[in-house]
Amino acid sequence: MGLLDQEFTEGNIVIAKTEDLFNWARLSSLWQVGFGLACCAIEMMATSASHYDFDRFGVIPRPSPRQSDVIIISGTVTFKMAIRIKRLYEQMPDPKYVISMGSCSNCGGPYWEHGYHVLKGVDRVIPVDVYVPGCPPRPEALLEGLLKLQEKIRNESIVKPIRSGFVGKTA
Amino acid sequence: MEVTLTHFLIVSTLLFSLGIYGIVTRKNAIMVLMGIELILNASNINFIAFSRFGNFGLQGQLFALFVIVLAAAEAAIALAIVLNVYKTFVNVNVDEIDELRD
Amino acid sequence: MKTAEEIFNQLKEKFGSSIIELRTDKPVESFIVINPLEIDKICSFLHDENDLLFDSLMNLSGVDDANGTKEKDEKGLETIKGGTLSVYYHIESTKLKHKLTLKTSTPREKPEVVSVTEVWKGADWHEREAYDMYGIVFLNHPDLRRILMPYDWEFGYPLRKDYKNPEFYQGMKVPY
Amino acid sequence: MMYDWLYNLTGSEILAMFIVSLLPLFVFILPFALAAVLAERKVSAHMQDRLGPMRTGYHGILQTIADIIKLLQKEDLVPHATDKALFNFAPLLVFMGSYAAFAAIPFSGFFIGSKIDLGIIFIVGVTGLVVAGILMAGWASNNKYSLLGAMRAAAQIISYEIPTLLIILTVIMLTGTLSLYDLSEMQTAYFWNWLILGGPAVGLQKILLIPLMILGFLIIYTSTLAEVNRTPFDIPEAESELVSGYHTEYSGMKFAMFFLAEYANMFAVSAIVSVIFFGGYQSPFGYLGNTLGWTWLVPIEQFFWFTAKGLFGVFVQMWLRWTLPRFRVDQLMAFCWKYLIPFSFVILLLVGLITLM
Amino acid sequence: MTQYSIQNTKDSKLKTEEMVLNMGPQHPSTHGVLRLELVLDGEIIKDVIPHIGYLHRCFEKHCEAMTYPQVIPYTDRMDYLASMYNEFGYAVAMERLLKIEVPERVDYIRVIMGELQRIASHLVAIGTYGADIGAFTPFLFCFRDRERILHLFEITCGARLLYNYIWIGGLSHDLHPDFIRLTKEFIKDFRPNVKELNELLSYNRIFIERTANVGVLPLETAINYGVSGPNLRGSGMKWDLRKDDPYSIYHKFDYDIPVGKGEKGKVGDCWDRYYVRVLEMEESLKIIEQAIEQIPEGDVTSAIPKRIKPPEGQIYTRVENPRGELGYFIISDGSLNPARVKVRAPSFVTMQVFGELCKGWMVADVVAILGSVDIVLGEIDR
Amino acid sequence: MRDYIYNFWQGLYTILVGMKVTFRHLFIPAVTIQYPSVKPQMPERERNRLYVNMDDCIGCDQCARACPVNCIEIETVKSIPGEDLGTTSNGKKKALWVTTFNIDFAKCCYCQLCVFPCPTECIYMTDTYEFSEFQRENLVYDFVTLTPEERIQKKKNFEEMQAKKEAEKIAAAKKADEDKAAQANKPAETKSDNKEENKQ
Amino acid sequence: MLTEFGKIFVFILTAALFVVVAIYVARLLRPKRPTFEKLTTYECGENPEGSPWVKFNIRFYVVALIFLIFDVEVVLLIPWALVYKEIGIVGYLIGAIFLILLGVGMAYEWRKGDLEWARPKIKEPTLDIIKSTETQKEELKTAS
Amino acid sequence: MNVYDLIFYLFAALTLLSAFFVVTTRNIVRAAFFLLFTFFGVAGIYVLLGADFVAIVQLIVYVGGILILLIFGVMITNKITSVDIKAGTIQTLPAAIGVGLFTGIIGAVILNTDWFIANSEMPESTLSTLGKMLLNEYVLVFELLGILLLVALIGAASMARK
Ligand code: SF4
Ligand code: SF4
Ligand code: SF4
């Protein structure tokens, strides 16, 4: 629940620390890069569709990475795609978050063994904040992943830098 | 110094000169067109300034209006011509292309 | 409707030695084995002949027969020398409703087959895929590039049985 | 009028004007834009059998505030390849253009930025700034999507200015004024005085005018839709083609400015339409304040009616947006040429004749 | 620092005035990770160069490392919008290779599932098509209905998207006790929704303007390219493998094959392709209705072989996937693992003709045409 | 001209029809499931995270072999004679210490193939889907109930036994060498003597 | 006393001020960590191929050119619309003739097809290869 | 110096500076955008001169029309990245000198002339006066303009069509 909700329910006097306010704003308005990769993307679409409604959490897809805050890697990342994903991620303005959705982007999933063209985990090119397991994860699971991410953001501090340039843990 | 006719005339003269300068120095047809627009604007300032400070009633403004209409017609035609020219001689500018991108 | 046998005879009559054999011994599906360098002519005949009219290419697949000699290198990885790569063509006639399977084999060291894109445009990408996956070169193909793998993939043809994964691709680790 | 009142209060005209000019921004545009973005999401959600924002405040009413605060914190990227000066200046221009329109909009008899007697065409004029700003943004971004989007937007906006102007011309012929304030005052008292119902004309003239005016209203509403790039005319930022059009490269606060300008424009155009055809701030049934003798109530009522009408216009815009597919560029142009302009021509000529009766 | 670069295959034919615009791989309307290189002249498409392979997941390599039943989860992941049908096709192919008969009930359930999957898949196709054209609401309506179907699948096999339900010689589970009732309910609710969808989208004038006469695919070309499924039928050919190359028990049902008639424009335009899908959903409903009336009792797992070791040989089998002819070419070398599985993916073939369809149209039409041919990248790239 | 008017009319009409539809939906209650506050009822066959009931697992490796993804990692150690591991709920005797039973849920594709071959039905799918993690390593689940020390212990035990057996074998071989005529009876197999109590 | 235009001017200044202040405030809050990659041009994750600032053929936007003239025309009519009533039917006719002239222009354009966005004739994908195979067939026939 | 003067200087500066950039900037698109400010400034000057209608027409026609067309024209015909403006070194200096001379002379003339200033009040309601003038003395011009626009329309379109 958002910070302000708590204040309402607990009837406190609103002494919102700016940090809390900012974190609250960030976590309740996570705009997502409108972008899907594979089967998981279909579940991601289902999550934004009527039954699960991503919009309830303030998540709306923005077509351009320049205006988005979170990128959901929803599906198998191949080598051909990994480079593009990295670039897309780079092109998002800070602060930015990554949700890795599904086995494939977690570690290559069903393709980890023989997948000669599958990147074994998107965390080899970009830093991942939350790993959502499942193949595909149920929409609820994705929502839960999002809640986890919100939890993480809530505990973030403005003072300490969130993340600077990331070098893939490849070499 | 109170702003009177002279000021407007000076502004218009300067604008006019800039327009002339643009026409003379630029080879690009569209730039020339821009210069012409500057000149027309300068003349309009004159028209209106005289209509404000002179005793011609609103004729100056009316003329300014006509000038604007003419300018529009001229711009349309001129651009059509430019387009046409470029369509016919697509490669006419090839030698001066490239570099200097900032 | 024509059976494979009839078509085989008809082809044999016309193309002679380019038509190698009709295989019916393996269960399930019979196929005609033909010469890889004549395939375009044969296919165009199959496509145009009035009582054949094979107007559609259902499938074209490259296959690694893995029938050469297998050698193990010091790391225990297999390499295959010799033998053949094959291409299977599954064609059908939507008008006469008959189907046919063609097979052509080409040596592994220099796999060359003539392209059939002139006959069925749909063969284009199938052939590119076969090239991408097996390295079978389709002569006369308009645009033979890799299709599924990155264009700069220089580590061989992944569906060959003796394919080895590279360690890195553009700085990304390939194995798990 | 508020300006005079403030002038008396503060004794400084610049200060008074400054406050008056700030008012639409803070009293209206910002809250409106906040509410409109939320409403857009809520309306669309309910039309699509879902709920929309639910978790920031009660039923998500704080959602847009969260969005804005978040956008405040977002990094502001100026990509290498852009023309930096123009890139930074474009949002300013666009916002200035759309905000200037609010100067002439009469929110109520008391609250009006400027009673400029060329109100309507002034608003048409300042959209020119918006177009230039959009082109600037598109070009400066050095991005193909932006450029294409900007070109489309510019072509579209200047094209649909023609039917708008023609209908405005019709209205001028009918009423003999260009001032939005006068227009609103003219349609006072009851709703049958609204221009959509023939305005102050009487008898046969009125009856003849009604169908023409309804058609005119449809035309102007459609073309304003096009001018603010709403579906079915949202091709400049067509998501499925051009990513997000001319503001593809913008991030953070600059993007927010475009966003704000867009929503401000939405309201501005529907406000203008309501002033022209629906009596602006006039109540359809007379004023409670007048009947009760509380004169101070009247401006508030007027403000209420004005907002209500404007917001209804915005609601219809949203409604259309979530109902219709979008046109293709050439179809959009053809629609303007082949339907809107000829129709408005005819209306213009007919109205001219009728008013001479 | 690691080194990344993207190689672009440059077409030497390009002239300077032409603009090369990339659509994808991250693009809202390329339906996944397709990259289209549009060669533009202003807004007009001079040429489209599709680049695929961004989702190449090495399916065929995996097959060679798996045993025959283990392949099934991977077939699911090819055309992830029609997983049921992929399994169906694979099972049919394997049964033909193994020469086993399946119990009748299995066939019925497979047909019900397959047709439900067809509806679900078409719903996505229609919905995303609407979204491509700019109407977002139909998209969500379609997903809303699809969710009901997914629920049916879920109660039956526990998964929403990738089922691993149809096995070689049988099924993993029998139907859920509630299944028949829920399906009937779904059918009852679904019919009015289709009507509503038609009102909202199919007959909308703007939609028709955008789609009719656009991207016409003549029949000859379609056949030569090997286009199949709704796209071929949209071009006016009554060709459906369920009737023309029968498998399973489709012959027992009474249904039509809708074809494009060029109602709003030329035969084979985008609207036809789109509308064929709408009509097909109705036909699928008919099949399901008949099937749940006739379904016999029985065991669904009895025919599943314990160890699957087909004889040496090869087979090409095809089924009518929602996207067209899905073919499996399986070569067995007599061991536990297949020697080669090649999939003839309908979208892969359709995608080839796409470039041709787009020439001369505008950027907006590319989106319309792409949506109308309804591709799934998982299947193209495999 | 007729077309012209007709088009216009059609456009207007279909737009109005569409608007009617969307307007109606404004008042249709939403189908949304408000997930974190309302958790949907999962169907009984739901396939999500696997669970292994280690009490029943006999370490037969069937599940790992059936898994197409190879995400189950099982290591077993033979129990030494005299140890009793108990029986499973369907009456099978256990003979192996399962020292490693890792399922990597980051790899698993939730296909359920591992569930069917299990002879004791101790590996099954549950309806838990909420287990996202900040660290990928946490997605590897260890189902073994033994403590790490016990695992080492079991391994050691086995090795010792192995060594003993080896020694015995050598001894037996020697013995056999020595008197070929007399057939030595084989050392007791592990299978035959698990009649002790389960150590837990 | 400010004129009405003066008020508008103040409005515009306010808008500018607001934008500048908002962006400045944001500058205080937002992070700034540009990297090279981050500032590359977005093109769906691809390397942009060539600059968009190319010789941009927008032959369709020629339509916009025609619009300009209409724009001017309508603007010119505004004074007329305001006062024609005072002159009566003659006044009306003056404007009407003006309008009809333009109407004629438009009708002409319409007939000429200038109002369509010029686009090349769409060629449906046909099979040139059918022809080629036909010729091949001929060849085959002659050969055999 | 009152507000009026201040604003005049502001607009004059805006106009002249941006006009200066128009003719000197090396980037043609920037030139076009600077033209925007020139036009805007000129519109401001019109307002100061009491020609409100003309000012708005200036906005509509120049900013909303001609400028956009110019930018389109630039985009159609130029490879914009390359600054293909032949700012030939041969021409700039003589041009500058010539234009400077010319400006000087005219300026001197303007400054030294004792202009007759008739009415210093702002004209009221310009629009209806303009309308009346159009319908009376200038009716022929009005219709001629109509014809002119017609010709321009047809001409431009047919030329662009080719
Ligand atoms: S995790 Fe599973 S569902 Fe998701 S993309 Fe990978 S294979 Fe598909
Ligand atoms: S569910 Fe499938 S992937 Fe997961 S462990 Fe079981 S067999 Fe392996
Ligand atoms: S199949 Fe069952 S008993 Fe055997 S190892 Fe797996 S979980 Fe244990």
Quick one, E:E64 and A:H114 - any side-chain contact, counting heavy atoms below 4.5 Å?
no
Return the option, out of E:P73, E:C58, E:G378, with the maximum number of heavy-atom pairs under 4.5 Å with chain A.
E:C58
Evaluate side chain to side chain contact (heavy atoms under 4.5 Å, CB included) for A:E113 paired with E:H62, printing each intermediate quantity in order.
CA-CA 9 Å; A:E113 214 179 354; E:H62 279 88; 5.7 Å; no
Would you confirm whether A:S50, through its side chain, and E:R144, through its main-chain N or O, come within 3.5 Å as a donor-acceptor pair?
no
Taking the ring of E:F59 and the ring of A:Y111, is the distance between their centroids below 6.0 Å?
no
Please classify the contact of A:H51 with chain E as side chain, backbone, both or neither, using a heavy-atom distance under 4.5 Å.
side chain
Looking only at heavy atoms and a cut-off of under 4.5 Å, which of A:I42, A:V33, A:V118 has the most pairs with chain E?
A:I42
For A:A41, which atoms come within 4.5 Å of any heavy atom of chain E: side chain, backbone, both, or neither?
neither
Close side-chain approach of A:P139 and E:R160, heavy atoms under 4.5 Å:
yes
So does E:H56 get a backbone contact from the side chain of A:K80, meaning a donor-acceptor N/O pair under 3.5 Å?
no
Which heavy atom in A:G36 sits nearest to a heavy atom in E:V33, and how many Å separate them?
O-CG1, 3.7 Å
Euclidean distance, A:C135 SG relative to E:D76 CG, rounded to 0.5 Å:
9.0 Å
E:M66, part contacting chain A, at a heavy-atom distance under 4.5 Å
side chain
Sub-3.5 Å donor-acceptor pair from the side chain of E:Y74 to the main-chain atoms of A:P110, do we have one?
yes
Compare every heavy atom of A:A49 with every heavy atom of E:F143, then report the nearest pair and how far apart it is.
CB-CB, 3.5 Å
Closest approach of E:G53 and A:H117, non-hydrogen atoms and distance?
O-CE1, 3.3 Å
Residue A:Y52 versus chain E: region with a heavy atom under 4.5 Å
side chain
Rounded to the nearest 0.5 Å, how far apart are CG of E:L377 and CG of A:L37?
9.5 Å
Look up atom OG1 in E:T128 and atom CE in A:M45, then write down how far apart they are to the nearest 0.5 Å.
6.0 Å
Could you measure the distance from the CG atom of E:L140 to the OG atom of A:S48? Nearest 0.5 Å is fine.
8.0 Å
Using non-hydrogen atoms only, which part of A:S64 is less than 4.5 Å away from chain E: side chain, backbone, both, or neither?
neither
Step by step, would you call E:R57 with A:T76 a side-chain hydrogen bond (donor to acceptor under 3.5 Å, both in side chains)?
CA-CA 8 Å; E:R57 297 191 280 189; A:T76 320; 2.8 Å; yes
Give a yes or no on whether a salt bridge exists between E:E154 and A:R138, defined as a side-chain N under 4.0 angstrom from a carboxylate O.
yes
Side-chain heavy atoms of E:L161 within contact of A:E43, under 4.5 Å
yes
